[in-house]
Engineer: 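Here it is: the structure, laid out below.
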Amino acid sequence: MSELKVYNSYSRQKEVFTPLTRGHVGMYVCGPTVSGESHLGHARPYITFDVIYRYLQHLGYKVRYVRNITDAGHFEEEGREAEDKISKKAVLEKLEPMELVQKYTNLFHWAMAQFNTIPPTIEPTATGHIVEQIGMIQQLIQAGYAYEVNGSVYFDLKKYAASHDYGKLSGRVIEDLLETTRELEGQEEKKDKADFALWKSVAPEHIMRWQSPWGVGFPGWHIECSAMATKYLGPEFDIHGGGMDLLFPHHESEIAQSTICNHSAPVRYWIHNNMITINGRKMGKSYNNQIRLTEMFSGDHPLLEKAFHPVTIRFFILQTHYRSTLDFSNEALQASEKGLKRLWEAYENLGRLTMTGEGAAAKEAELDVKVRRLLDEFDEFMNDDFSTAKVLANMFEIVPVINSMKDKTVPVTALSKETFELLQSKFKTWIEDILGLKSVTEADNEKLRGVMQLLIDIRREAKGKKDFATSDKIRNQLAQLGITLKDEKGGEMSWSIE
RNA sequence: GGUCCUGUGGCCGAGUGGCUAGGCAGAGCUCUGCAAAAGCUCCUACAGCGGUUCGAAUCCGCUCGGGACCUCCA
């Protein structure tokens, strides 16, 4: 089998993946900031890395997958920021940041479950690792790469850049950075405009604040990830993932911090997913064009023509390569919805097929060879930097074969027994375990099956008597309920919920 | 302004210099009481202009268009 190759943002090329510790993989992915609700764009990294996580496990690796929750910082909720400043209110009337954190953490976990993502093995919170972050900042100060000013601590970029390659990951030139960085609040106290905050002191009315050797404040965003990644994955680990928009300054800064503290570059393979765009523009708060996940699922948004099932969104995302931008549109989502339905129904049909007796000695037959080629390519494509789009394309090429066997226009025995069994088992493993897809129709229980079977029997009897009024009534009324009945060859009937 | 990415058929999107991507939509046919589904067939494109090459969507240059990052951002 071919070996896994991943595109490393750091070297800007595909590299053979070799983990640091044989049989084990350490992977860190930047998680959500839980001061607000996740939108469609946020779904992409978590689904992308979920598939990577699943695939690494499929390859036999034991994976420690760490994804943080950023719950520290300057927290505000829409419409409530003004209250933040009023300190004389009763405790219960005041904005309690942990309430926000809890609310949006819960919502995030719910959405991730809807997407059928597997929870990370460790999901550390920033607030739970203040001690580690302070420790790391102290190390940086002792090493001479950070300095304190008025209770805040900054990273000394110029000093770091003098002996290290700052900017390599994001293709930045340090001299330009020192020139072009914009004016920001608190700039004057920094040595250089490009220096980033490790610890920010805050005024007493701020709610999110912790005691530190430099006074009361809160940790900088970049140090959070460095501290937690180091704690759980060690000074050097295999994969660090996140959106491309985090390349600079977040990941670049992480490299700088960790390199000083741990005396080595922290990450071997940097993997970055591209953005989801809407009308050609990145979806994000800067453009005020987000569609929240709850809105995607409910269809309750001016830009949405209908609701979309989370698994449809997952499929939509996997139909493109993770390093390409993906443009949102109702049309594209609906195409995914229909495509997924077709694929999933074929997959279910495949499970019901059985090979009776011996498959023909078909090893040389054209169809057998084709199916085996398409199946073999699953591994090849996935090993080539996780080309889920190509895996899905191959699955779609197999769909007509399955449907023809189901309709008996092609006998199951057109395949060898070996190939048929491989088809069944491999399709299941890949579509469910690796791509993490599942049925979009949930109302699938025993009682409903029984009722449907009854209706189908009655309808079949009516049809036998050419009582089309009754047979049509059953079909039409079910259609109104969103259940489609389909007559199939040989008098069989099947049904599906829209 | 700097750095980088990108422009594929009606839409979404794969694409390693030569070999059908795939999905959705559309057209025809088959099956069928009708419908739906399914199967088969068709629709065969690479922004423009140059260049390299026996051969380019794929490499190079220029032009035009779109975008990302440089500030919180998945």
Side-chain angles (χ1 to χ4, degrees), chain A residues 12 14 29-33 35-36 38-49 70 73-74 167 170-173 175-177 179-185 194 196 221 241-250 252 272-277 279-287 290 315-316 319-321 323-343 345-346 349 381 384 387-397 399-404 406-407 409-410 463 466-468 471-472 475-476 479 484-489 493-496:
Chain A
R12 291 160 202 247
K14 282 183 198 168
V29 174
C30 289
T33 300
S35 61
S38 297
H39 60 74
L40 179 61
H42 294 121
R44 193 165 192 188
Y46 307 131
I47 289 171
T48 298
F49 288 99
T70 297
H74 182 66
S170 56
R172 226 59 30 153
V173 182
E175 287 75 21
D176 293 346
L177 286 171
E179 296 296 311
T180 57
T181 305
R182 296 181 201 178
E183 294 299 328
L184 283 172
E185 181 189 358
F196 55 87
W221 178 37
M244 277 183 187
D245 50 352
L246 299 184
L247 271 164
F248 187 89
H250 187 52
E252 199 70 71
H272 290 95
N273 64 277
N274 215 135
M275 302 292 103
I276 288 183
T277 58
N279 297 320
R281 269 238 138 78
K282 172 186 170 185
M283 185 180 284
K285 63 177 164 189
S286 6
Y287 297 115
Q290 312 104 305
F315 177 77
F316 174 65
Q319 254 188 314
T320 180
H321 189 89
R323 279 189 291 109
S324 301
T325 54
L326 172 59
D327 200 50
F328 162 87
S329 70
N330 283 281
E331 216 180 346
L333 257 307
Q334 274 167 51
S336 289
E337 185 176 75
K338 290 188 181 176
L340 174 60
K341 184 170 191 268
R342 180 171 137 86
L343 179 64
E345 284 180 3
N349 288 331
F381 292 157
D384 185 17
S387 294
T388 54
K390 292 177 103 179
V391 172
L392 284 168
N394 270 27
M395 286 184 171
F396 274 107
E397 287 205 57
V399 165
V401 177
I402 296 170
N403 287 337
S404 296
K406 187 211 167 212
D407 287 346
T409 48
V410 170
K463 277 186 71 174
K466 297 215 185 295
D467 176 8
F468 297 124
S471 69
D472 284 354
R475 190 175 62 197
N476 293 340
T484 309
L485 262 191
K486 286 173 278 191
D487 293 342
E488 294 172 346
K489 292 197 174 71
M493 291 182 203
S494 67
W495 57 282
S496 61

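The chains referred to below are lettered A, B, ... by the order of the sequence lines, with proteins before strands, and numbering in each begins at 1.
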Engineer: Strictly under 3.5 Å: I want the nitrogen or oxygen pairs between protein and nucleotides 63-65 of chain B, one per line.
Structural biologist:
none

Engineer: What protein N or O atoms touch nucleotides 37-39 of chain B N or O atoms at under 3.5 angstrom, if any, and at what distances?
Structural biologist:
unit_1	atom_1	unit_2	atom_2	d
B:A38	O3'	A:Asn403	ND2	3.0
B:A38	O2'	A:Asp407	OD2	2.7
B:G39	OP1	A:Asn403	ND2	3.1
B:G39	OP2	A:Arg342	NH1	3.0

Engineer: Indicate, with a heavy-atom threshold strictly under 4.0 Å, whether A:Asn476 touches base, sugar-phosphate, or nothing.
Structural biologist: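 Counting heavy atoms under 4.0 Å across all strands, no contact is made by A:Asn476.
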
Engineer: Can you find an N or O donor on one side and an acceptor on the other, under 3.5 Å apart, linking the side chain of A:Asp327 with the base of B:G13?
Structural biologist: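 Answer is no: no donor-acceptor pair is held.
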
Engineer: Say we look at B:G10 and B:C19: how far apart would their C1' atoms be, to the nearest angstrom?
Structural biologist: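 The answer is 27 Å between these two C1' atoms.
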
Engineer: Please determine if a side-chain N or O atom of A:His321 lies less than 4.0 Å away from the OP1 or OP2 oxygen of B:G15.
Structural biologist: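 Yes, such a contact exists.
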
Engineer: Donor-acceptor pair under 3.5 Å: do we get one between A:Arg475's side chain and the base of B:C34?
Structural biologist: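 Side chain to base: pair found, below 3.5 Å.
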
Engineer: Any side-chain N or O of A:Lys338 under 4.0 Å from OP1/OP2 of B:A25?
Structural biologist: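 Yes, A:Lys338 has a side-chain N/O under 4.0 Å of OP1/OP2 on B:A25.
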
Engineer: With a cut-off of less than 4.0 Å, is there a side-chain N or O of A:Ser38 near OP1 or OP2 of B:A74?
Structural biologist: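 No, no such contact exists.
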
Engineer: Under 4.0 Å between a side-chain N or O of A:Tyr287 and OP1 or OP2 of B:A68?
Structural biologist: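 Answer is yes, contact under 4.0 Å.
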
Engineer: How is A:Ser494 classified with respect to the nucleic acid when contacts are heavy atoms under 4.0 Å: base, sugar-phosphate, or nothing?
Structural biologist: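 Contact class for A:Ser494: none.
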
Engineer: For atom P, what is the distance between B:G22 and B:G39, given to the nearest Å?
Structural biologist: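 Each nucleotide's P atom is 14 Å from the other's.
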
